[in-house]
Amino acid sequence: MTKNWRRLVNVSMCLLVLLLVVGCGSNAAKPAEPEVKKIKVVTTMYPVYEFVKQVGGDKVDVVMLIPPGAEPHDWEPTAKDIIQIKSAKIFAYHGADFEPVEKLLHKDVLGDALPIEVSKDVKKLEAKHAEEEEEEHGHEHGDSHDEHKFDPHAWLDPIAVQQEIKTIEQALATVDEKNADYYKQNAETYNKKLAELDEQYKKALAGITRKEIVTSHRAFGYLANRYGFEQLGIMGLSPDAEPTPDRMAKITEFCREHKVKYIFFETVTSPKLAQTLAKETGAELLVLNPIESLTEQEMKDGKNYLTIMGENLVNLQKALK
């Protein structure tokens, strides 16, 4: 009886080992699940990066060439940037002469990447005080990047951004047709948020008693045009457009005459001129973010276009009421 029992145990063990070996072999033979490849999109600056992420969702891998905290007006593409662009499906840039992309829009640089100017269908605002800008810095910065014909800061108008979102959606659907409905749904969702943001601005700024704000540089033309106020920029459309002593004196005089209580400065450019003006006039300093670039800390804190536009609105209310 004992021998029979031992024989049965041995046979059972052999069968168990055999089943394990067969099972392992069958598992090894199973093909691995195919990895879903994301669409690579290379973007220049933060607003384009953010808008592509919102439309592309988990179907895209988005690269931003201008790093957090960098001043986008000073950006020049590097050899590493060109390698990134060539490996992408889409190269998205804002346009309206904001970025120096002329040398990048050639087949030998793009490879198979589809170039998209996200602001191409946005109605552009002509650059105000163009002659003054040329006088201030045209001799030192004589290239077309600095001599703006149009104000490039269209992303500060939520309604203009809605058009940019549609342009991005169309581009993604072109290179990834099977996910076109997904991109369309994401675009519609984000555009609803932009419509809500527009309503918040209209409601909050409906009763403003002041009409002018003083800013570090003239980045807020679209925002001012949309919501019924005016900007007086210490610097031009580019924050490196240093004001002449005469212009600085005129702005100081304006602030005193109009009892300006707040001077706006920015997070990624030097606040020195705004601080000087505030000291001269007794005004306080407030941040008005042009959202050209986010600082590393802002990125770590999870801030984005919508949250910063909300912060801007709070400070605009404070300055205009």
Any chance [atom1] of [X] has more than 12 other-residue heavy atoms, nucleotides or ligands included, within less than 6.0 Å?
{"X": "Lys261", "atom1": "NZ", "answer": "no"}
{"X": "Gln185", "atom1": "CD", "answer": "no"}
{"X": "Lys184", "atom1": "NZ", "answer": "no"}
{"X": "Glu257", "atom1": "CD", "answer": "yes"}
{"X": "Lys321", "atom1": "NZ", "answer": "yes"}

For Tyr227 and Phe229, run ring pair (Phe, Tyr, Trp, His ring centres under 6.0 Å): C-alpha distance rounded to whole Å, both residues' side-chain angles, the deciding distance at 0.1 Å, then the answer. CA-CA 6 Å; Tyr227 300 111; Phe229 60 92; 7.6 Å; no

Heavy-atom pair of closest approach, residues [X] and [Y]:
{"X": "Ser119", "Y": "Glu164", "value": "CB-OE2, 3.6 Å"}
{"X": "Phe265", "Y": "Ala274", "value": "CB-CB, 3.8 Å"}
{"X": "Gly221", "Y": "Gln231", "value": "N-NE2, 3.1 Å"}
{"X": "Glu266", "Y": "Leu288", "value": "CG-O, 3.7 Å"}
{"X": "Lys86", "Y": "Val109", "value": "CE-O, 3.4 Å"}
{"X": "Met248", "Y": "Ile234", "value": "SD-CG2, 3.9 Å"}

Within the side chain of [X], is there an N or O that forms a donor-acceptor pair under 3.5 Å with the backbone of [Y]?
{"X": "Thr43", "Y": "Val63", "value": "yes"}
{"X": "Asn304", "Y": "Leu306", "value": "yes"}
{"X": "Asp198", "Y": "Pro158", "value": "no"}
{"X": "Glu71", "Y": "Thr269", "value": "no"}

Taking side chain as C-beta onward, heavy atoms only, is [X] less than 4.5 Å from [Y]?
{"X": "Tyr93", "Y": "Leu104", "value": "no"}
{"X": "Tyr305", "Y": "Pro47", "value": "no"}
{"X": "Leu273", "Y": "Leu277", "value": "no"}
{"X": "Tyr222", "Y": "Asp151", "value": "yes"}

Is the closest side-chain donor-acceptor distance between [X] and [Y] under 3.5 Å?
{"X": "Tyr262", "Y": "Asn315", "result": "no"}
{"X": "Asn312", "Y": "Tyr201", "result": "no"}
{"X": "Lys303", "Y": "Gln297", "result": "no"}
{"X": "Gln54", "Y": "Glu50", "result": "yes"}
{"X": "Thr44", "Y": "Glu99", "result": "yes"}
{"X": "Asp81", "Y": "Thr78", "result": "yes"}

For Glu292, all residues meeting side-chain hydrogen bond (donor to acceptor under 3.5 Å, both in side chains), sequence neighbours excluded: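 With sequence neighbours excluded, Glu292 shows a side-chain hydrogen bond (donor to acceptor under 3.5 Å, both in side chains) to His73, His153, His217, given in chain and number order.
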
Would you call Lys250 and Glu253 a salt bridge, using N to O less than 4.0 angstrom?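 Answer for the salt bridge query: no.
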
What distance separates Thr295 OG1 from Lys300 NZ, expressed to the nearest 0.5 Å?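 So the gap between those two atoms works out to 9.5 Å.
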
Among Phe98, Phe220, Tyr46, ring pair (Phe, Tyr, Trp, His ring centres under 6.0 Å) partner for Trp155: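 Passing option: Phe98.
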
